[in-house]
Amino acid sequence: MARILSGVKPTGKMTLGNYIGSFRNFPSFQEDNESYIFVADIHALTLPIDPANLRSTTYDVISFYLAAGLDPNKTVLFKQSDIKEVAVLNSILINYIYMGELSRMTQFKAKSAKLNQKKIGVGLFAYPVLMAADIFMYDAEIVPVGDDQIQHVELAHDIAKRFNSRYNAKLLSMPKSVTPKVGKRIMSLQDPLHKMSKSDDPKKQKGVIYLQDSEKDIRKKIMSAITDSEAVVRFDPEKKPGISNLLSIYCAMKKVEISDAEKTFNNCNYGVFKKAVADAVMEEIGPFQKKFFAYRSDEKKLDEIFEQGAIKARQAASVVLERVKKAVGLK
Ligand code: TRP
């Protein structure tokens with residue numbers, strides 16, 4: 001039995017990549033572990049976001065958690081900003097991490113490069129500190145994340161080591177990341193060399209399957225995915241990035257090996273193959289969407305779930321905060 005924790009930042013519309021990489025994996029942890037899953041709403045403020053959009057996406061994310069099968073009786077489901085303790089732990093931790101370490105973070109470099117260099121928020125820079133605070137706050141040992149967050153979990157591990165050795169006690173947990181085996185890199189259907197990520201650019205949105213898209217749109221996007229002229233369904237991400245991405249999506253949905261899928265579509269033309277990918281996606285996403293919309297339509301119920309989760313999360317958080325405060329001399 002281990003303590004596991006993960007979160008999703010409520011920004012923009014969630015994609016099929018979020019589903020494969022996060023939502024659908026989380027329930028598997030709740031049977032044999034103590035699982036804490038939250039909506040990282042404070043982290044959403046690290047880039048400009050409209051308040052109404054943040055509020056609405058926060059409800060979306062918890063609805064996706066529930067639709068995926070997270071059970072509030074088995075998993076502590078909560079909202080990051082409901083737990084004030086994490087802000088205090090964050091203020092303590094910022095003193096044990098170096099600016100050099102934060103400037104080396106790949107995500108910081110990528111996200112800050114897109115901003116006006118004079119207007120880079122301190123919160124974006126310190127993003128991994130708050131993420132480490134999230135992890136330590138609940139004594140998490142296992143942190144399921146996508147590839148792009150592994151570096152942050154490693155940094156949290158380093159901070160814990162430094163902090164614990166400075167005070168010569170096991171004060172902070174030493175987290176390990178776990179990443180999903182299949183489909184961790186779902187690429188854009190229009191630009192298969194780049195990740196299927198949320199975007200404001202309408203042209204790019206054609207390559208992204210949003211979890212709230214209609215069946216018609218999902219099918220249309222898959223049927224018009226970029227491929228190549230070879231007309232052979234074969235996994236070769238370098239030479240055939242489009243087809244390889246569709247194969248990854250198919251295999252992630254059907255839970256089959258790439259080599260088996262290649263055999264299934266041997267001698268198939270791309271149209272037939274794409275239709276099979278669209279069917280596979282809808283077979284899994286269709287029922288998931290139905291559940292999502294049912295949960296999403298009752299915000300009062302979602303508020304109650306957040307409230308109940310916060311009570312449990314606060315219990316765990318206050319134990320850790322007491323321990324840390326005593327160790328550093330704040331108590
Ligand atoms: N950074 C994660 C994301 O981009 C969200 C997150 C915040 C998180 N704090 C965390 C994930 C702690 C795991 C553990 O989606």
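Because the structure is a prediction, the values reported are computed rather than measured. Whatever order the structure lists them in is the order used to number ligands and atoms, beginning at 1.
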Could you tell me whether [X] and [Y] have a side-chain N and a carboxylate O separated by less than 4.0 Å?
| X | Y | value |
| --- | --- | --- |
| D60 | K13 | no |
| E34 | R3 | yes |
| D236 | R234 | yes |
| E31 | K74 | yes |
| E284 | K254 | no |

**Q.** Closest contact, heavy atoms only, K331 versus K326
**A.** CB-CG, 3.9 Å
Q: Look at the rings of F38 and F78 and say which category their plane angle falls in: under 30° parallel, 30 to 60° tilted, over 60° perpendicular.
A: parallel
Check ligand 1 against [X] and write out every atom of the ligand that is under 4.0 Å from a heavy-atom position of the residue.
| X | answer |
| --- | --- |
| V145 | 13 (C) |
| V143 | 13 (C), 14 (C) |
| A40 | 7 (C) |
| L5 | 12 (C), 14 (C) |

Report the part of [X] (side chain from C-beta onward, or backbone N, CA, C, O) that has a heavy atom under 4.0 Å from ligand 1; answer both or neither where that applies.
| X | result |
| --- | --- |
| Q149 | side chain |
| D148 | neither |
| Y138 | neither |
| H43 | side chain |

List the closest protein heavy-atom neighbour of [atom]: residue, atom name, distance to the nearest 0.1 Å.
| atom | answer |
| --- | --- |
| atom 5 (C) of ligand 1 | G7 O, 3.5 Å |
| atom 1 (N) of ligand 1 | Y127 OH, 2.7 Å |
| atom 15 (O) of ligand 1 | K9 N, 3.6 Å |
| atom 9 (N) of ligand 1 | D134 OD2, 2.7 Å |

Q: Say whether Q107, considering both its backbone and side-chain N or O atoms, lies within less than 3.5 Å of an N or O atom on ligand 1.
A: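 No, no N or O pair falls under 3.5 Å.
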Q: Give every residue pair that meets the ring-ring contact (aromatic ring centres under 6.0 Å, His included) criterion with at least one member in residues 289-331, sequence neighbours excluded.
A: F64-F292
**Q.** Any pair counted as salt bridge (charged side-chain N to carboxylate O under 4.0 Å, His left out), so long as it reaches residues 160-175, sequence neighbours left out
**A.** E101-R162
